[in-house]
Amino acid sequence: MLKFSRGIGQDRAATAGGLQQIAFARGAAAAAQPSPLPTLVATAATVAVLYFARDVFLPLAIAILLTFALAPLVSRLRRVGCPRSVAVIGTVTTAFLFLSAFGVVIAMQVSEVAQNLPTYQYNIVEKVRTLKETGSESQILERIGRVIERISTEISRPEPEMRASPEPAPEAKPLLVEIFSPQRPVETLKNIINPLLGPLATTGLVIVVVIFMLFEREELRDRFIRLVGYGDLHRTTEALQDAGARVGRYLLMQLVVNITYGIPLAIGLSLLGIPNAVLWGMLAIVLRFVPYIGPVIAAALPLFLAFAAAPGWSLLVWTAALFIVLELLSNNVVEPWLYGSRTGLSPLAIIVAAIFWAWLWGPVGLVLSTPLTVCLVVLGRHVPQFEFLEILLGNEPVLDPKERLYQRLLAGDPDEATDNAEDMLEEKYLVEFYDTVAIPALLLAERDRARGALTNAQAAQIAQSANTLIANLEEIAGEEEGEEETGAEAQESDGDDDADEYDLPPGDGKSVLCVGGRSDLDDVTASMLAQTLWIQGADAAHAGHEVLKAGNIKALKLEGRNAVVLSVLDRDFMRHAKFTVRRLKRMAPAARVGIVLWQEDGRPGTTERDQLIESLQADFMVFGMGDAVREALSDELPRSLKLAHPKIAPGYAMRRSKRADRESTVKAD
């Protein structure tokens, strides 16, 4: 026992030294951590430059994104033996010819719609009149209109004034005269060409930049690496590959999704008789690049045309039904099938990004918002200074499951903790969830309690929330209990598979008592272990740490128990564990008494564990849920309790025999 105490003292000293080193390292890291102010200033300056110089950066952004989209096609042509110049120029020419044809068709369709709009005026007026006449006997719409008209008349009526003299004649208003002068042919041509010069110049600039970027792609990559990440080639290369893959995959997959939406839409609208169905299908392909807002705009225009083109209401109903069916198929069939269309952005980040880029660069920025934001997320993933971008915009969890569970328990929200647990239990068994998520979360709480960051009231609230979580998962535990027999039969039929870490033995006919070590958090772990043993078919019960006190331990019902397991989170409990183990073994000599010292990492080795078992005189000592269940359900016999014999001082036996002789002599006399 003395040797064990010294070992514990050395461990505590080493732990204290380690904590001091960790505290020093944290202090040094905090001192060395740069202030976030320069980053914020640089971000604000970048946004200002992008806003005021948008005429320069907008064509460059379009060219970069088109380069990302066309680079895979150029690479494929190069791999089949096509020269670089032919691959680049051919790909760019084909792409821009397709875009030009696309734009020409849209322009022609828009012109045709503009010419046909006056023919729809009669239908619109008739439907508005029908809506006004449709209603109850009180004619609510008409009455509301009359009330509004009366109020506006009263407001606009001038107040009467007393005039002493007759009202003078009103002044004659001057007539507006428009002077028309015929324009010369040169001026007419100038008025036509001037509005087109800006878009044509931007298009030409984009084409040239895309061609040069595709020609010099490797050279630009090397220059970027030399400028940004020459000291860390691995990280910079990974960032470039990640950005190219994400943006290129998004643009390609989104284009495929939009085409599979736009072509059936055009066919369906044409069959329904909607004018210019080709236009609405092509606009849907373009507008669906705009997240959330684009599909609404793409549906609004054909719906309005269906409202105006036919005198009845059936065309509008069928058009709305067509959009609903296509949206359901696209969102639930096509997009899940094309898994690569995911961007790694959260839904809120996509909306915020759309608002930001629309404010920054207008409608074109709205279309480019998602791919540009993907580039920012990749930047935040690989550049430490911009890590906040990935945290704010990404869709990956920023907290580990154990940290998220600890936060929910600390906030006293067991319902949300249960929801998160049920989501994880769709892929994990309950024993795995307890071992990899719940117990590590309680270890975080125990560490905070040990260093004084967690009050007793907070620890009690965590324990209460955790007990509620365990009770909420009782139904799932019952379902897993029914699956145990089927799982065992499947494992017997497939004997070639390796044994899984959580393939646990059956507990039929076993009776186990799980007892918390020294705190409410230990009681929670004992309850989790008891529930896991119950799933395995054992007669499992749990008790709180209060029963281990001197006045309460005799009330424990240990008759018929095959095992008694002490569940402990705090390593300091080992100093008092020997007395508890010995007392339990005296009370239940036929039961195996062991300890579960929950540890996520830094577990002792086999030699150290055997020494601890020997010094504690326990039957077993484990550090995880799987080993705890196996030991508790084991058929091994308990080890016999070694009673301590005090050492006798030299000469004590001789003095005792002499004293006995004198006493016998006195009695004889």
Side-chain angles (χ1 to χ4, degrees), residues 396-447 461-488 490-491 498-507 512 514 516 520-538 540-542 565 567-569 596-601 603 622-633:
E396 297 294 332
V398 296
L399 294 178
D400 291 337
K402 61 180 181 181
E403 296 173 340
R404 187 163 63 248
L405 178 59
Y406 176 39
Q407 190 276 329
R408 302 302 187 268
L409 297 178
L410 186 61
D413 191 356
D415 295 333
E416 187 174 355
T418 303
D419 294 338
N420 294 336
E422 289 177 349
D423 292 339
M424 285 183 281
L425 288 173
E426 293 180 357
E427 301 177 356
K428 296 181 178 181
Y429 281 107
L430 188 61
V431 58
E432 186 180 0
F433 168 74
Y434 281 156
D435 195 32
T436 59
V437 179
I439 298 296
L442 296 176
L443 282 171
L444 293 176
E446 175 61 29
R447 290 167 191 166
Q461 181 177 359
I462 291 174
Q464 182 180 0
S465 300
N467 285 323
T468 305
L469 170 65
I470 296 172
N472 293 339
L473 298 179
E474 191 75 24
E475 181 179 356
I476 297 177
E479 294 175 357
E480 291 191 5
E481 183 188 15
E483 295 175 359
E484 286 299 319
E485 184 177 354
T486 305
Q491 292 174 9
D498 296 334
D500 189 33
E501 182 182 359
Y502 298 104
D503 288 341
L504 305 178
V512 183
C514 304
D520 294 337
L521 298 177
D522 293 340
D523 298 344
V524 175
T525 61
S527 180
M528 292 179 180
L529 178 58
Q531 191 177 69
T532 305
L533 291 168
W534 176 71
I535 293 174
Q536 298 304 118
H542 63 90
V565 185
S567 184
V568 184
L569 291 168
V596 185
L597 179 60
W598 302 104
Q599 296 290 323
E600 186 180 9
D601 49 15
R603 298 179 178 182
V622 293
F623 308 97
M625 182 67 75
D627 294 334
V629 174
R630 293 187 188 93
E631 291 291 346
L633 300 179

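Positions are given from 1 along the sequence. For the numbers below, each heavy atom of this structure counts, side chains included, while hydrogens, waters and symmetry mates do not. Only a predicted model underlies this, so the values are computations on that prediction, with no experimental measurement involved.
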Could you please spell out the steps behind the side-chain contact (heavy atoms from CB on, under 4.5 Å) verdict for L569 and T525?
-> CA-CA 8 Å; L569 291 168; T525 61; 3.9 Å; yes
Verdict with supporting geometry, L430 and T532, side-chain contact (heavy atoms from CB on, under 4.5 Å) | CA-CA 8 Å; L430 188 61; T532 305; 5.6 Å; no
For S465 and I462, indicate whether the former's side chain and the latter's backbone hold a donor-acceptor pair under 3.5 Å.
-> no
Residue pair P505 / R630, side-chain heavy-atom distance below 4.5 Å | yes
What residues, two or more places apart in sequence or in another chain, satisfy side-chain hydrogen bond (donor to acceptor under 3.5 Å, both in side chains) together with N472?
-> T418
Distance-only, no hydrogens or angles: does the N467 side chain make a donor-acceptor pair with backbone N or O of A463 under 3.5 Å?
-> yes
Working to the nearest 0.5 Å, report the span between CE of M625 and CG of L504.
-> 9.5 Å
D413 vs E416, side-chain contact (heavy atoms from CB on, under 4.5 Å): CA-CA, chis, key distance, verdict | CA-CA 6 Å; D413 191 356; E416 187 174 355; 2.9 Å; yes
Counting heavy atoms not belonging to E427, are there more than 12 under 6.0 Å from its CD?
-> no
If you take all heavy atoms of K402 and A441, which pair is closest and at what distance?
-> O-CB, 3.4 Å
Could you state the interatomic distance from CZ (R404) to CG (L409), rounded to the nearest 0.5 Å?
-> 12.0 Å
Is the closest side-chain heavy-atom distance between W598 and V568 below 4.5 Å?
-> no
Residues A445 and L521: closest non-hydrogen pair is CB-CD1, 4.0 Å
L405 versus L469: any side-chain heavy-atom pair under 4.5 Å?
-> yes
Working to the nearest 0.5 Å, report the span between CG of D415 and CG of N420.
-> 11.0 Å
What distance separates L444 CG from D400 CG, expressed to the nearest 0.5 Å?
-> 9.0 Å
Side-chain touch S527/H542, heavy atoms, less than 4.5 angstrom = yes
Student check: side-chain heavy atoms of W534 and E474 closer than 4.5 Å | yes
Report yes if the side chains of Y434 and Q531 come closer than 4.5 Å at any heavy-atom pair, otherwise no.
-> yes
Could you pull out all residues at least two apart from E403 that satisfy salt bridge (Lys or Arg N to Asp or Glu O under 4.0 Å)?
-> none
So which heavy atom on S567 is nearest to which on A526, and how close?
-> OG-N, 3.6 Å
Kindly give the heavy-atom pair with the smallest separation between P401 and M424, and that separation in Å.
-> CB-SD, 3.9 Å
Using salt bridge (Lys or Arg N to Asp or Glu O under 4.0 Å) as the criterion, list what pairs up with E432, not counting sequence neighbours.
-> none
List the atom of L533, the atom of A632, and the distance in Å for their closest heavy-atom pair.
-> CD2-CB, 4.1 Å
Does a side-chain heavy-atom distance below 4.5 Å link L425 with L473?
-> yes
Quick one: does V565's side chain get under 4.5 Å of V512's, heavy atoms only?
-> yes
